[in-house]
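Presented below is the structure to which this report refers.
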There are 2 protein chains.
Amino acid sequence: MRVLKYAILGLLEQEKQTGYDIAAAFKGALGQFWSAKHSQIYPELKKLVAEGLIEFETVIQGEKLEKKLYSLTVAGEAELKEWMQRLEAVDVSHKDEFMLKTFFISSMEKEEAKELFSNQLDSRKRKLDELGRILTELEAEFGSNIVFSSPEFGHYLVLTRAIEREKGYIQWLERSLQFME
Amino acid sequence: MRVLKYAILGLLEQEKQTGYDIAAAFKGALGQFWSAKHSQIYPELKKLVAEGLIEFETVIQGEKLEKKLYSLTVAGEAELKEWMQRLEAVDVSHKDEFMLKTFFISSMEKEEAKELFSNQLDSRKRKLDELGRILTELEAEFGSNIVFSSPEFGHYLVLTRAIEREKGYIQWLERSLQFME
DNA sequence: ACTAAACATGTAAATAGTTACATGTTATAT
DNA sequence: ATATAACATGTAACTATTTACATGTTTAGT
């Protein structure tokens, strides 16, 4: 499927940037739904250059640090657009190791299961707090007038989705814990 | 992490079964959160036998079809238990290609974006219907008295989680579409 | 001046997962 | 009888991803 290819094309469409910047982007809100390590990014960038979808200019940072600023070619823009418009089927298995354990819950003692769920609940709550803080920052910077045409609309949508996903998970964990009483 | 290893151990703890049965299990509710193809399952089974975590007896089906019924060894049971009790950190990136596209939504025309979201909404609604039917079947078979000690409690929890996940996704899609008006 | 964190780029080796190749048996419906 | 779907097991090749190895520069704080 080469999804990383499109992730990179999409990021470069927003802004000229280095491989390092791309790796950093995956550490933000985007990383909730897609990410890759630099060891995967650099070879992919090389491949995309070879395919003529992106190009780069070498820029000197400070005295001698050479960094590569990548940008989309016309062909790259076309490929990105084609992928964006594709209507793909919903993929089934969003892998989740915790839910795999849950499936096997009958092999556990009730107290063990409760501990497992409580611990997961704590982690999810902490993550929700963190996401809430990021949203607050975004709203502080752009106000509540983020609409379709705003460049940060995508960021906003992804954040709200991540937050609601956590909320849903938390509710389910709480109800499941009650169920175990 | 070798999660497939634990998926197999967990399934074998519930019941003696063949590689084919394991592949079939991933096509049910469990498959919403973990799955693997038979081409990954068979080599993993071989590896687990070599490690002494599972063993098999060859059974003749009909005239000459040899099938291998796998079961847990004592060591396998211990490994499964150890994994079940592990309190692991929530992993960040649950990869979702649609959300990746969403992040890049500002590169689209509004009408294109609406089509993308409407299409996703339809798929999600169809999936929700399907999951609802499976839950109805489960409740028809076991009634609403599925409690912690029931062997189908894990199945029930996983199904309810899958259903609520879809509901949350659908709500977010609907609100996002309204936002685009 | 010095140090630590952040910036910056790569490769190698291993593991995980998918698609394609390959084969044969058994049960069910017509 | 016969065809089809389901049962059953494997390997090969490729793609995707992670962990580890490897190196060097720049910026910001003390």
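All chains are named by letter (A, B, ...) in the order of the sequence lines, taking the proteins before the strands, and each is independently numbered beginning at 1. No experiment lies behind these values; they were computed from the predicted model shown.
A distance below 6.0 Å separates the ring centres of B/W172 and B/F117.
When rounded to the nearest whole Å, the span between CG of A/L4 and P of D/dT17 equals 7 Å. Atom CG of B/L65 is separated from atom C1' of D/dA8 by 5 Å (rounded to the nearest Å). Taking atom CG on A/D91 and atom P on C/dG17, their separation rounds to 14 Å, with Å as the unit. If you take CD of A/Q61 and P of D/dT25, they are 14 Å apart, rounded to a whole angstrom. In this entry the distance linking CD of A/E66 with P of D/dT26 reads 11 Å, nearest Å. In this structure, B/I41 atom CD1 and C/dT19 atom C1' are separated by 15 Å, rounded to whole Å. Spacing between atom CG of A/L45 and atom C1' of C/dT9 amounts to 10 Å, rounded to whole angstrom units. Between A/H38 atom NE2 and D/dG24 atom P there is a gap of 15 Å when expressed in whole angstrom units.
The side chain of A/Y42 places no N or O atom within less than 4.0 Å of a non-bridging phosphate oxygen (OP1 or OP2) of C/dG10. OP1 or OP2 of C/dG10 sits under 4.0 Å from a side-chain N or O of A/K68. An OP1 or OP2 oxygen of D/dT9 is reached within less than 4.0 angstrom by no side-chain nitrogen or oxygen of B/Y20. Contact check, B/K67 against C/dT25: no side-chain N or O comes under 4.0 Å of OP1 or OP2.
Using a distance-only test at 3.5 Å, with no hydrogens or angles considered, no donor-acceptor pair links the side chain of A/E181 to the main chain of A/F179. In this structure, B/T73 contributes its side chain and B/L53 its backbone to a donor-acceptor pair below 3.5 Å. Judged purely by atom type and a 3.5 angstrom limit, A/K81 has no side-chain atom pairing as donor or acceptor with the backbone of A/G76.
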At a cut-off of 3.5 Å, list every protein nitrogen or oxygen paired with a nitrogen or oxygen from nucleotides 13-16 of chain D, distance to 0.1 Å.
from	atom 1	to	atom 2	distance (Å)
D/dA16	OP1	A/M1	N	3.3
D/dA16	OP1	A/R2	N	2.7

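For the atom pair CD of A/Q40 and CD1 of A/I8, the computed distance is 8.0 Å after rounding to the nearest 0.5 Å.
If you check D/dT9, D/dT11, C/dT9 against the side chain of B/P43, the one that comes closest is D/dT11.
Note on ring orientation: taking the six-membered ring where Trp is involved, the planes of A/F56 and A/Y70 are tilted (angle from 30° to 60°). Ring orientation note: the planes of A/Y156 and A/F153 are close to parallel, at an angle under 30° on the 30°/60° scale.
For the pair B/R161 and B/F33, the cation-pi test (distance below 6.0 Å, angle within 45°) is failed.
Each of B/Y70 and A/G62 has a nearest nucleotide on DNA chain D; the 5'-most of these lies closest to B/Y70.
Note on A/K37: a base of the nucleic acid sits closer than 4.0 angstrom, heavy atoms only.
B/K167 NZ: 12 or fewer foreign heavy atoms inside a 6.0 Å radius.
At a cut-off of 3.5 angstrom, the base of C/dT19 holds at least one donor-acceptor pair with the side chain of B/S39.
B/Q32 and B/K127 are linked by a side-chain donor-acceptor pair at a separation below 3.5 angstrom, with hydrogens and angles left out of the test.
Comparing the end axes of the helix from C/dA1-D/dT30 to C/dT30-D/dA1, each fitted to five base pairs by superposing C1' atoms of four pairs onto the next four, gives an inter-axis angle of 40° (nearest 10 degrees).
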